[in-house]
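Numbers here simply count residues along the sequence, with the first being 1. Note that these values count all heavy atoms, side chains included, but never hydrogens, waters or copies made by symmetry. Keep in mind the model is a prediction, meaning the values are calculated, not measured.
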Amino acid sequence: MGFKFLHSAIQNAIILLCLIGLASCKTSPPPEGQRAIVQRVVSGQTLEVLFPNQKPALIEKVRLLGIDAPDLQQEPWGKAAKNALTKRLGQQATILLESDREPIDPFGRRLAYIWHDGQLVNEELIAQGFVLERSRTPNIKYSQRLSRAQEYARTMGYGIWNPENPLRQTPSAFRSKK
C-alpha cells in the first residue's frame with residue numbers, strides 16, 4: 001500500500017509540474033502575424049484559409065508548424081485529429097498565422113503557427129494527444145513549448161498516448177510506407 005501511495009503522489013507531482021509548465025508558457029505577449037479566415041480543414045495539420053485583405057482574395061493551404069498529425073488512413077487517429085481541428089476552429093473562424101523562418105513547405109503550403117482566441121492551436125492539438133510534436137530546423141520558435149505539451153499529453157495518457165489504444169506507428173513512418 002505504501003508503494004501505491006508513493007507512486008500516486010509522484011504521478012500527481014508530475015502532472016502538477018506539467019500543468020504549471022503549460023500555464024507559464026501561455027503568458028507570452030500576443031504574436032504578430034497575418035489574419036485569415038478558415039475555409040476548410042483538410043486534415044489534422046492542414047487548413048485552407050482565405051486572406052480577405054489580399055486583392056484578389058486568395059485561398060491558400062496552410063500547414064501547421066511543429067506538429068505531425070496521423071494520416072487520415074491511420075484509424076482512428078487521423079480522423080480524430082482532423083475532427084479536433086475542425087471542432088477547435090470550425091469554418092469561418094478568424095485566425096492569426098504566425099510564420100517562422102521557413103515560410104513555405106516543399107508542397108507549396110504556407111507554414112504557420114495558428115493562433116485562435118489567444119491560444120496556440122498547434123500546442124493545444126499536441127497537449128490533447130491528437131498529434132505529435134515535430135519541430136524541425138529552421139522552424140523552432142516554439143519547439144520547447146510544443147515539446148512540453150507532448151510530455152503533458154504522454155504523462156496524462158491522452159489521445160494517441162492512451163495506453164489502451166496507442167498510436168503504433170508515427171505518421172511519418174506510415175506515410176513513407178504508402
Can I67 be reached from L85 by stepping across I, L, V, M, F, W or Y side chains whose heavy atoms are under 4.5 Å apart? yes
Any chance the side chains of R110 and Q34 put a donor and an acceptor closer than 3.5 Å? yes
Salt bridge or not for D100 and K141, using N-O below 4.0 Å? no
Checking E133 side chain against Q150 main chain: does a donor-acceptor pair fall under 3.5 Å? no
Option among I160, L146, D68, V121 that satisfies the side chain to side chain contact (heavy atoms under 4.5 Å, CB included) test with I126: L146
Checking side chain to side chain contact (heavy atoms under 4.5 Å, CB included) against L65, which of N139, D105, L97, I114 comes through? N139
Flag the pair R154 and E151 as a salt bridge only when some basic side-chain nitrogen lies within less than 4.0 angstrom of an acidic carboxylate oxygen. yes
Does E48 use its side chain to pair, donor to acceptor, with the backbone of R40 at less than 3.5 Å? no
Value rounded to 0.5 Å, distance of CZ in R63 from CG in N122: 9.5 Å
What do the steps show when you test E124 against H116 for side chain to side chain contact (heavy atoms under 4.5 Å, CB included), and what is the final call? CA-CA 11 Å; E124 290 178 341; H116 184 252; over 6 Å; no
Determine yes or no for a side-chain-to-main-chain donor-acceptor pair under 3.5 angstrom, with D71 supplying the side chain and Q73 the backbone. yes
Once you round to the nearest 0.5 Å, how far does CD of Q169 lie from CG of L167? 8.0 Å
How many angstroms lie between OG1 in T94 and CD1 in I37, if you round to the nearest 0.5 Å? 5.0 Å
pair P76-N165: side-chain heavy atoms closer than 4.5 Å: yes
